[in-house]
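The structure under discussion appears below in the form of structure tokens.
Keep in mind that what you see is a predicted model, and the values were worked out from it rather than measured. Within every chain, numbering begins at 1; the chains are lettered A, B, ... in the order of the sequence lines, protein sequences first and strands thereafter.
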2 protein chains.
Amino acid sequence: MKKRVYDDACGTAHALELIGDRWALLIIRELLLGPKRFSDLRASLPGISANVLTQRLEELEASAIVVRRRLPPPGAVWVYELTPWGMEAEELVKATGRWAARSPSHDPSLPISVSSLIMSMRSMFAAERAGDLSGTVGLRFGEEEFVATVGGGQLTLVRGAANTADVVVSGSHEQLAAAIYGGVPLAKLEKAGALKIEGDRALLGRYIKLFSLPPKAPDAKALRAGP
Amino acid sequence: MKKRVYDDACGTAHALELIGDRWALLIIRELLLGPKRFSDLRASLPGISANVLTQRLEELEASAIVVRRRLPPPGAVWVYELTPWGMEAEELVKATGRWAARSPSHDPSLPISVSSLIMSMRSMFAAERAGDLSGTVGLRFGEEEFVATVGGGQLTLVRGAANTADVVVSGSHEQLAAAIYGGVPLAKLEKAGALKIEGDRALLGRYIKLFSLPPKAPDAKALRAGP
DNA sequence: CGGCATCCGGGAAGATACTG
DNA sequence: CAGTATCTTCCCGGATGCCG
């Protein structure tokens, strides 16, 4: 977006010039949990084409939101990583997601990426429900592993080895999403073989109750009928 | 954006389908301070064309973010107004603006709309600087009047009659922006006739110190030089 | 395979003129 | 004042291909 400029000193307008292009904010969302390779980004953003991803990454790099870096050997592969300031966009991403979760047209049954699910937990964590709950939960979705630490009314949720946690759940992230947001009982998913749970099952049961979708706002038809 | 869909249950992706189109978030920003007519919106969004504004308003109305309403007589004019859920986008707008204010490429010397300036005060209010400051400040920019109330470490800033406040500043909103964010002394602006101040000058002086731009993040060149 | 350049079709955004 | 109609421009997205 070089020529289509808002010419407005407002921070919101400037933000739109930085990340208002299609896909840009979703790329940032994917990178909030750590560096990724080009093909990882492409795989987790269904529908993006390679040239658009290339262009967005160039723009984000020029804006100092993303840096392209070569990992030290072994690996020695190029990855894209958020700058510290790029990481500060987390608040923006979470505020956006929380607001949209109330949309009357939001359809939670669509496919969801692993990063989206993790970020949704960070966004939707209800501190007041945590009480004195304390413990660690490991999440394993194929190659991707995360550790959630709950304590003192806080949640930290980062990439890490899941097997050190008090309870480890593994399987499809979509199934876990169904348990958290769709109300499907964990026991049922475990019995069906959709999820594997090792360790403190009660902790996992309490953990998934820390998240829930907010009530939906009235849609346009309801507003016309009776405001 | 009907066909260009992200197909993603992530709230952030859904938000982009609702307000990811060009101009949409700026229209919301303009409406956060109250209903506006079509031509008011057009005037405060420099560069938007009528057909795009029409289309955005239709989409926002279909998404239950905006309602089109006829004001009661006298007036009896059509206005666009945020729904209660649309109003909840304020947090999103403020988070966006705060993040972008740290952009190395942000140029605060561009023109700014009245709504942007008001929203920037809401965004950038530094509660820790307020201390026990208490009082009301009236802001008058042509036909538009606002009242800022500071007290208990809180700021409320809404449309209202400015003349009831402890101090009233009137003139060009761009000049006031220069005083708040550009560090131009109020006394100088008043002497030059750019601003008129009536009432408690000291209160206004303390008031404008409640806001400031955050430090800039390093730009892409600096990151390449030494991370 | 990973990353990037090029070409092309469709559609959204922008500018202008015009109407009720 | 509040939009519509029309035309042009340019971005998005898909396909293909080059290069390491």
Query raised in the report: Among B/K36, B/R42, B/R37, which one satisfies salt bridge (charged side-chain N to carboxylate O under 4.0 Å, His left out) with B/E30?
Result: B/K36
Report task. Quickly work out the A/D21 CG to C/dA12 C1' distance and round it to whole Å. Result -> 13 Å
Query - A/W99 and B/W85 aromatic ring geometry - parallel, tilted or perpendicular at 30°/60° bounds - result: parallel
Report task. Whole angstrom is fine here: how far is it from CH2 in B/W78 over to C1' in C/dG20? Result -> 15 Å
Report task. Provide, to the nearest angstrom, the distance between the CG atom belonging to B/L53 and the C1' atom belonging to C/dA12. Result -> 16 Å
Query raised in the report: Reckon B/S39 has a side-chain N or O less than 4.0 Å from the OP1 or OP2 of D/dA2?
Result: yes
Query raised in the report: Looking at B/S49, does any N or O in its side chain come under 4.0 Å of the phosphate oxygens OP1/OP2 on C/dA13?
Result: no
**Report entry** OP1 or OP2 of D/dC12 under 4.0 Å from side-chain N/O of B/Y6
**Finding:** no
Report task. Please state how far atom CD in B/E58 lies from atom P in C/dA12, giving the value in whole angstrom units. Result -> 13 Å
Query raised in the report: Can you tell me if the side-chain N/O atoms of B/W23 get under 4.0 Å from OP1 or OP2 in C/dG14?
Result: yes
Requested in this report: Look at all strands and tell whether A/F38 reaches a base, only sugar-phosphate, or nothing, counting heavy atoms closer than 4.0 Å.
Outcome: sugar-phosphate
Query raised in the report: What's the shortest heavy-atom distance between A/T136 and A/T164, and which atoms?
Result: OG1-O, 4.4 Å
Query raised in the report: Is there a donor N/O on one and an acceptor N/O on the other, under 3.5 Å, for the side chain of A/N51 and the base of D/dG14?
Result: yes
Query raised in the report: Rounded to the nearest Å, what distance is computed from the NZ atom of residue B/K36 to the C1' atom of nucleotide D/dA2?
Result: 16 Å
Query raised in the report: Counting only side-chain N and O atoms of A/R56, is one of them less than 4.0 Å from OP1 or OP2 of D/dC12?
Result: yes
Query raised in the report: Is there a donor-acceptor pair closer than 3.5 Å between any side-chain N or O of B/D21 and the backbone N or O of B/A24?
Result: no
Query - Distance in angstrom units between B/L57 CG and D/dT4 P, rounded - result: 11 Å
Query raised in the report: With a 4.0 Å cut-off on heavy atoms, is A/V77 in touch with a base, just the backbone sugar-phosphate, or nothing at all?
Result: nothing
**Report entry** Phosphate OP1/OP2 of C/dA13 contacted by B/Q55 side-chain N/O (<4.0 Å)
**Finding:** yes
Query raised in the report: Any side-chain N or O of B/R68 under 4.0 Å from OP1/OP2 of D/dG3?
Result: yes
Query - Worked check of side-chain hydrogen bond (donor to acceptor under 3.5 Å, both in side chains) between B/S115 and B/R29 - result: CA-CA 7 Å; B/S115 297; B/R29 177 198 72 191; 6.0 Å; no
Report summary line: Looking only at C/dG14, D/dC12, D/dT4, the nucleotide nearest the B/T54 side chain is D/dT4
Report summary line: To the nearest angstrom, the CD-C1' distance between B/E61 and D/dA2 comes to 14 Å
Query raised in the report: Between atom CZ in A/R70 and atom P in D/dG20, what is the gap in whole Å?
Result: 14 Å
Query raised in the report: Would a distance-only check, ignoring hydrogens and angles, find a side-chain to backbone donor-acceptor pair under 3.5 Å from B/S123 to B/M119?
Result: yes
Query raised in the report: Which listed nucleotide (D/dG3, D/dT6, D/dC1) is nearest to the side chain of B/R37?
Result: D/dC1
Requested in this report: Can you figure out which of D/dT6, C/dA13, C/dC4 approaches the side chain of B/R22 most closely?
Outcome: C/dA13
Query raised in the report: Quick one: is D/dG3 close enough that its OP1 or OP2 comes under 4.0 Å of any side-chain N or O from B/R42?
Result: no
